[in-house]
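Below is one structure, written out as structure tokens, with a few remarks after it.
Counting convention: from 1, in listed order, for ligands and their atoms alike. All of these numbers come straight from a predicted model, not from anything done at the bench.
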Amino acid sequence: MPDSSAPQVVDLFVIGGGINGCGIARDAAGRGLSVELAEMNDLASATSSASTKLFHGGLRYLEYFEFRLVREALIERETLLRAMPHISWPMRFVLPYHKDMRFEGGTPTAKLLGTVMPWMRGRRPAWLIRLGLFLYDNLGGRKILPGTSTLKLPGSPEGAPLQDRFAKAYEYSDCWVEDARLVVLNARDAEARGARIMTRTRVVSAEREGDLWRIETEDIATGARGTHRAKMLVNAGGPWVGNIIRNTVRSNVRLVRGSHIVTKRLYDHDKCYFFQGTDGRIIFAIPYEQDFTLIGTTDQDHENPDEKPVCTDREKDYLLDFANQYFKRQLTREDIVWTYSGVRPLYDDGASSATAATRDYTLKVDTAGGAPLLNVFGGKITTYRRLAEAALDKIAPFFPGLSGKWTAGVTLPGGDFEVSNKTALTEKLQAEYPFLDAFWAVRLIRAYGTEAWDVLGEAKTAEDLGRDFGATLTEAEVRWQIRHEFARAPEDIVWRRTKLGLRMSEAQIDALKEWIAAEAADGRAAAAQ
Ligand SMILES: Cc1cc2nc3c(=O)[nH]c(=O)nc-3n(C[C@H](O)[C@H](O)[C@H](O)COP(=O)(O)OP(=O)(O)OC[C@H]3O[C@@H](n4cnc5c(N)ncnc54)[C@H](O)[C@@H]3O)c2cc1C
């Protein structure tokens, strides 16, 4: 007799609700596999909400000869843009140039240049930047994004915030993406295709039992234990990937912390800056959340994934000093309104510095001792969909007859409109809900796309959306995020799925916390009746 208390066997059990775990779960569920995913905190609570939020090829990786990665990421930008025109959009990047700039010569390009043109040692000449941008324009089959142009800075809006010594700049294209929302939408789509998404559920052990995996989980709120059985295990634990496999295979992960600072808006146009530093690194300054500027990032080795990454004073000063070499206005710590940090779980390729460690991904299947395990190392937000396809290529041999690739061209929830129609969609929303001001309408379209109509429902006035917690965050929106987007705590809402924490007071966030607790208590009471 079969044991009726034994958990049902699923095809795949995924550890980790970051972009890679959710991307793999979505792709696998869409191919008909039964999938369970466990995330120990909120979705995107680790690295996948702490990125620079660019769908980019990675201009600087060209200097490391990472042509495969750059080409794949460049091609992918437009595929992703079409699939999610609400949460991603094209951006222009201004790269100021000055002939006296000198650079550390650690990259393969700099070494090559130093050998064949020794007089150039330490310099990144203008022709090299133009060559890089030429490759960037042409490696990845652009259709939507405009190519590189040259800018005269004096008298231009792009030159206005910069020091007078910068007369010339190059301008190129990449894309922005709301990283935390990208994860949530992948999880929602995976769920819609049959996956079971368990948040606040930590995997405490995973052991092989012959042809199957036996996985023990713990609900981090209640301590309740669960047992799951799966034919294959996917370890997409990000910074914890090494801990999860410590007893299974040799750990090959290098943790590199990156921090960002946020200031009030530093300039009046909507382009980003790409600044080159004297240490061979680069940083971005990016228009952020309509009224702010985002500056980052740093590259610091970070030993312990359980140590919460924070932006240290040293990192703050590093980013401020870097930006101060370019902006006229000299920034101080007083200008910083928020910081965030994340840990890159990079594949350890033995590189000497954190900056040089590869950003490419590596997938390793381990079948030693029975049921298969797939470990995911590295990767970028930009390549998550391709990483998921590559993961399914590794998974497919264990599930004969599995259907093929499907995610390119399939939109994420709310993304079913043309990239070029975003302004029109925002105007339509404002016309149908005249109580929305411009900030609110733009915010809703960028978060929910065509689903903004579902969030707002029948509302005729702002009051119809229930309580306003501050900064246009209403009860209707909070309910939507709790019901449809796996949100449970205030930080899930104000710091991940929206960034309204930048505009809300502590008292307003506390009031939201009380409201959520009361709603949860009501829900529990109703369930107990
Ligand atoms: C500073 C910085 C800037 C970046 N900028 C960019 C950029 O602009 N563009 C780009 O393309 N990429 C960028 N990246 C890279 C990108 O953010 C990461 O590659 C990506 O987010 C990694 O996703 P992941 O799913 O592997 O890891 P994570 O997002 O960390 O997800 C892993 C998840 O596993 C969960 N987990 C771990 N152990 C367990 C367990 N035992 N049980 C249950 N759950 C568990 C964790 O809670 C976590 O949520 C950046 C990274 C950093 C740090």
Side-chain angles (χ1 to χ4, degrees), residues 13-25 36-58 60-61 69 72-73 76-77 80 88 91 174-177 179-180 182-183 186-187 198-206 215-220 233-246 253 255-260 272 283-284 286 294 296-300 302 305-306 309 311 315 319 339-347 354 359-363 375-388 391 496:
F13 190 98
V14 180
I15 306 176
I19 190 53
N20 289 329
C22 291
I24 293 170
E36 289 185 342
L37 179 147
E39 162 53 52
M40 63 182 172
N41 292 309
D42 181 23
L43 296 171
S45 51
T47 317
S48 297
S49 60
S51 79
T52 310
K53 308 176 205 309
L54 301 179
F55 280 153
H56 65 157
R60 78 173 188 85
Y61 310 142
L69 171 66
E72 180 176 287
E76 192 61 7
R77 289 178 308 183
L80 296 175
S88 68
M91 291 265 215
D174 263 324
C175 301
W176 175 261
V177 61
D179 53 3
L182 175 70
V183 179
N186 271 277
M198 299 170 284
T199 62
R200 266 89 181 177
T201 304
R202 184 201 308 272
V203 171
V204 287
S205 73
I215 302 121
E216 300 289 334
T217 57
E218 182 184 46
D219 182 318
I220 61 159
L233 185 67
V234 175
N235 172 10
W240 292 267
V241 62
N243 293 30
I244 295 168
I245 58 176
R246 195 179 291 140
V253 67
L255 302 182
V256 176
R257 184 176 72 243
S259 297
H260 293 83
C272 312
I283 61 164
F284 297 103
I286 304 174
L294 176 67
T297 167
T298 57
D299 265 331
Q300 295 284 316
H302 186 93
D306 290 323
C311 181
E315 286 174 282
L319 292 172
T339 68
Y340 66 83
S341 300
V343 177
R344 301 178 180 87
L346 304 180
Y347 185 68
R359 266 55 174 169
D360 212 344
Y361 54 81
T362 301
L363 302 170
N375 291 302
V376 177
F377 301 94
K380 301 183 54 60
I381 296 273
T382 315
T383 48
Y384 89 92
R385 196 195 62 81
R386 293 299 303 271
L387 182 151
R496 272 187 290 279

Item to check | R344: salt bridge (charged side-chain N to carboxylate O under 4.0 Å, His left out) partners, not counting sequence neighbours | outcome: D299

Next on the checklist: Can you name the atoms of ligand 1, numbered from 1 with element, that are less than 4.0 Å from a heavy atom of H56?
Outcome noted: 7 (C), 8 (O), 9 (N)

Checklist outcome for this item: The atoms of ligand 1 lying under 4.0 Å from a heavy atom of G258, numbered in the order shown, are 1 (C)

Item to check | Sub-4.0 Å atoms of ligand 1 with respect to non-hydrogen atoms of A38 | outcome: 43 (C), 44 (N)

Item to check | For atom 45 (C) of ligand 1, the protein heavy atom that lies nearest, with its residue and separation | outcome: M40 CG, 3.7 Å

Next on the checklist: How far is atom 42 (N) of ligand 1 from the closest protein heavy atom, and which atom is that?
Outcome noted: V203 N, 2.9 Å

Item to check | Shortest heavy-atom approach to atom 33 (C) of ligand 1 - which of H302, E76, E39 | outcome: E39

Next on the checklist: Under 4.0 Å, heavy-atom basis, I'd like to know which part of A236 is in contact with ligand 1: side chain, backbone, both or neither.
Outcome noted: backbone

Item to check | T201 near ligand 1 by a heavy-atom separation under 4.0 Å | outcome: yes

Item to check | salt_bridge(D42, R496) N-O dist < 4.0 Å | outcome: yes

Checklist entry - Looking at G342, which atoms of ligand 1 are within less than 4.0 Å of one of its heavy atoms? => result 53 (C)

Item to check | Any side-chain heavy-atom pair of M40 and W240 under 4.5 Å | outcome: yes

Item to check | Side chain, backbone, both or neither: the part of A50 lying under 4.0 Å from ligand 1 by heavy atom | outcome: backbone

Checklist entry - Looking only at protein heavy atoms, which one is nearest to atom 19 (O) of ligand 1, and how far off is it? => result G379 O, 2.5 Å

Checklist entry - Would you say I381 has any N or O atom under 3.5 Å from an N or O of ligand 1, going by distance alone? => result yes

Checklist entry - Among all protein non-hydrogen atoms, which one is nearest to atom 9 (N) of ligand 1, and what is the separation to 0.1 Å? => result L54 O, 2.8 Å

Checklist entry - Is I19 in polar range of ligand 1, meaning some N or O pair under 3.5 Å apart? => result yes

Checklist entry - Is there any N or O on T297 that sits under 3.5 Å from an N or O of ligand 1? => result no

Item to check | Closest protein heavy atom to atom 29 (O) of ligand 1, given as residue, atom name and distance to 0.1 Å | outcome: S48 OG, 2.5 Å

Item to check | atom 17 (O) of ligand 1 [closest protein heavy-atom partner, distance rounded to 0.1 Å] | outcome: S51 CB, 3.5 Å

Checklist entry - Salt bridge or not for E39 and R202, using N-O below 4.0 Å? => result no

Checklist entry - atom 5 (N) of ligand 1: which protein heavy atom is closest, and how many Å away? => result T52 N, 3.0 Å

Checklist entry - Under a 4.5 Å cut-off applied to non-hydrogen side-chain atoms, are I283 and L319 in contact? => result yes

Checklist entry - Looking only at protein heavy atoms, which one is nearest to atom 25 (O) of ligand 1, and how far off is it? => result N20 N, 3.0 Å

Checklist entry - So Y340 and H260, would you call those rings parallel, tilted or perpendicular, with 30° and 60° as cut-offs? => result parallel

Next on the checklist: If the cut-off is 4.0 Å to any non-hydrogen atom of K53, which atoms of ligand 1 fall inside it?
Outcome noted: 8 (O)

Checklist entry - Strictly under 4.0 Å, does any heavy atom of H260 approach an atom of ligand 1? => result yes

Next on the checklist: So Y361 and E72, do their side chains get closer than 4.5 Å, heavy atoms only?
Outcome noted: yes

